[in-house]
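Since the structure is predicted, the reported quantities are computational estimates derived from the model, not experimental observations. Ligands are counted one by one from 1 in listed order, and the atoms in each one are counted from 1 as well. Just so it is clear, the values below take in all heavy atoms, side chains as well, and ignore hydrogens, waters and symmetry mates.
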Amino acid sequence: MSHRRFSGSKLVVATHNPGKLVEITDLMRPFGIETLGAAQLGLPEPEETGSTFEANAELKAHAAAQGAREPALADDSGLVVPALGGDPGIYSARWAGPTKDFSIAMTRVQKELAERDRKAHFVAVLSLAWPDGHCETFRGEVHGHLVWPPRGKRGFGYDPMFVADGHQITFGEMDPEQKHAISHRAVAFRKLVDACFR
Ligand code: ITT
């Protein structure tokens, strides 16, 4: 399948989440690509009306590409807990409430989980859209389990309660370099790079 190449040196990142912006900027750095956050550019935060990670990533990427008149990369991601029927899933940010307090979201996951199976995975879907409407979309996942109480102050969101398979420490305790080597976002990013940045 042929993909469209991105040939610029600056990329609009269609996120209002500072934790994601830091990670995407880190992942882009080796390719000499500078990032501009949607908030920095004064772009509005579109309502996430899709019912899949893919649909939401694409709608955010299209909105930013139209608004900035430049190619834009969006990330829609979340924590999927099979024992909770896939929740919080695409609602991961919404479980933190209007104050975006992830201690509230993690406590809710822990309460609803109670004694059930603690397996979980993170999903990230990256979507790169151009102002003419073309779009390239890639998914990454990292599987693991949930711990309680949360541990570590690094990362963001649900990181302090997630331990990836083959590891003992949470993403909240992990060096960012180590998280970037295995994370859902990094897996999706590698697919994006292979398809569009080489
Ligand atoms: P934008 O839509 O502006 O990008 P958002 O935070 O609303 O920001 P999402 O709708 O994609 O983004 O929500 C994803 C949520 O899933 C995010 O707020 C985190 O809580 C969680 N999440 C995603 N990736 C994560 C990661 O690497 N570590 C921890 N939590 C993560």
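Nearest protein heavy-atom neighbour of atom 21 (C) of ligand 1: Tyr158 CD1, 3.8 Å. Ranking protein heavy atoms by distance to atom 1 (P) of ligand 1, first place goes to Thr15 OG1, 3.4 Å. Of all protein heavy atoms, the one closest to atom 14 (C) of ligand 1 is Ser77 O, 2.9 Å. Here the protein heavy atom with the shortest distance to atom 17 (C) of ligand 1 is Asn17 ND2, 3.9 Å. Protein heavy atom nearest atom 24 (N) of ligand 1, with residue, atom name and distance: Arg185 NH2, 2.9 Å. In terms of protein heavy-atom proximity, atom 5 (P) of ligand 1 is closest to Lys20 NZ, 3.9 Å. Taking atom 2 (O) of ligand 1 as the reference point, the nearest protein heavy-atom neighbour is Lys60 NZ, 2.7 Å. For atom 3 (O) of ligand 1, the closest heavy atom belonging to the protein is His16 N, 2.7 Å.
With a 4.0 Å cut-off on non-hydrogen atoms, Phe156 touches ligand 1 through its backbone as well as its side chain.
Heavy-atom distances between Gly78 and ligand 1 reach below 4.0 Å in at least one pair. No heavy atom of Lys100 sits closer than 4.0 Å to any atom of ligand 1. In this structure, Lys179 is part of the shell of residues with a heavy atom less than 4.0 angstrom from ligand 1. At least one heavy atom of Asp159 sits closer than 4.0 Å to an atom of ligand 1. At least one heavy atom of Phe102 sits less than 4.0 Å from an atom of ligand 1.
The backbone N or O of Val109 lies less than 3.5 Å from no partner atom in the side chain of Tyr158, so there is not a single donor-acceptor pair.
Atoms of ligand 1 found under 4.0 Å from any heavy atom of Asp76 (numbered from 1 in listed order, with element): 9 (P), 10 (O), 11 (O). Residue His184 has at least one heavy-atom neighbour below 4.0 Å for each of these atoms of ligand 1: 24 (N), 25 (C), 26 (C), 27 (O). Ligand-side atoms of ligand 1 in range of Ser92: 15 (C), 16 (O), range being under 4.0 angstrom from any heavy atom.
Shown here is Tyr91, whose OH atom has no more than 12 heavy atoms of other residues, nucleotides or ligands within 6.0 Å. Around the CZ atom of Arg69, the shell of radius 6.0 Å holds no more than 12 heavy atoms that belong to other residues, nucleotides or ligands.
Defined by atom type and a distance below 3.5 Å, a donor-acceptor pair is present between the side-chain atoms of Ser77 and Asp75.
Contact annotation: the side chain of Phe138 never approaches that of Asp194 to less than 4.5 Å [non-hydrogen atoms, C-beta and beyond]. Between Arg154 and Asp159, the closest side-chain pair of non-hydrogen atoms is not below 4.5 Å. Counting only heavy atoms from C-beta outward, the side chains of Phe156 and Glu23 approach each other to under 4.5 Å.
Here the options are Val142, Val125, Ile24, the test is side chain to side chain contact (heavy atoms under 4.5 Å, CB included), and the partner is Arg185; only Ile24 passes.
The line from CZ of Phe6 to CZ of Phe31 is 12.5 Å long, rounded to the nearest 0.5 Å.
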